[in-house]
Amino acid sequence: PAAPEVYKRLAQLCGLYLHELTAIGAPEVIVTGGLPATRLILQSTDSMGRLRGRWAEYVGPGAAGIRVPVMPTYHPAYLLRSYTPENHKKVWSDLQQVMTRLG
């Protein structure tokens with residue numbers, strides 16, 4: 001299969017573990033790195049450009065439906081391939097929002 005399909009399938013498989021871990025660990029926030037992880041967590045088809053830098057919410061499956069704030073940001077590999085001062089500032093801004101939220 002094409003690379004995007006492989007990443008999508010891998011994210012789906014890992015998603016099973018993620019749902020369990022969030023139920024057990026109750027994280028304060030989730031930072032998603034990259035589009036496959038972000039789309040899986042948020043059940044969104046939006047581009048990373050539209051998603052990053054804005055708080056969203058993960059809602060876990062089932063009746064318990066744990067809710068966790070999510071900050072989407074670019075994947076580190078993207079930054080290595082497309083490093084610019086502008087991209088660096090975007091990711092740094094995303095992470096600063098997370099640090100502020102965590103106190």
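Closest approach of Ile66 and Ala26 over heavy atoms only: CD1-CA, 3.8 Å. Residues Pro72 and Met48 share a closest heavy-atom pair of CB-SD, 4.3 Å. Residues His75 and Gly33 come closest through the heavy atom pair CD2-O, 3.2 Å. The minimum heavy-atom distance between Pro27 and Val68, with the atom names listed, is O-CG1, 3.6 Å.
Under a 3.5 Å cut-off, the side chain of Arg67 and the backbone N or O of Glu57 do not form any donor-acceptor pair. A donor-acceptor contact shorter than 3.5 Å links the side chain of Thr22 to the backbone of Leu18. Under the 3.5 Å distance criterion, the side-chain polar atoms of Asn87 are matched with a main-chain donor or acceptor of Ser82. A donor-acceptor contact shorter than 3.5 Å is absent between the side chain of Arg52 and the backbone of Asp94.
Tyr74 and His88 share no donor-acceptor pair across their side chains, judged by distance under 3.5 Å alone.
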>> Please determine whether side-chain contact (heavy atoms from CB on, under 4.5 Å) holds for the pair Leu42 and Val70, giving the CA-CA distance in whole Å, both sets of side-chain angles, and the decisive distance to 0.1 Å.
In response: CA-CA 8 Å; Leu42 300 180; Val70 176; 4.0 Å; yes
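Taken together through direct or relayed side-chain contacts under 4.5 Å among Ile, Leu, Val, Met, Phe, Trp and Tyr, Tyr78 and Leu95 form part of one hydrophobic cluster. Both Leu102 and Ile41 belong to a single network of hydrophobic side chains, linked directly or stepwise wherever heavy atoms of I, L, V, M, F, W or Y lie under 4.5 Å apart.
Rounded to the nearest 0.5 Å, atoms CG (Leu79) and NZ (Lys90) are 10.5 Å apart.
When the shell of 6.0 Å around CZ of Arg101 is examined, it contains more than 12 heavy atoms from other residues, nucleotides or ligands. Summarising the local packing, CD of Gln96 is surrounded by more than 12 heavy atoms from other residues, nucleotides or ligands at distances under 6.0 Å.
Between Trp55 and Gln97 there is a side-chain heavy-atom pair separated by less than 4.5 Å. Counting heavy atoms from C-beta on, the side chains of Met71 and Thr32 never come closer than 4.5 Å. At a threshold of 4.5 Å between non-hydrogen side-chain atoms, the residues Leu35 and Leu51 count as touching.
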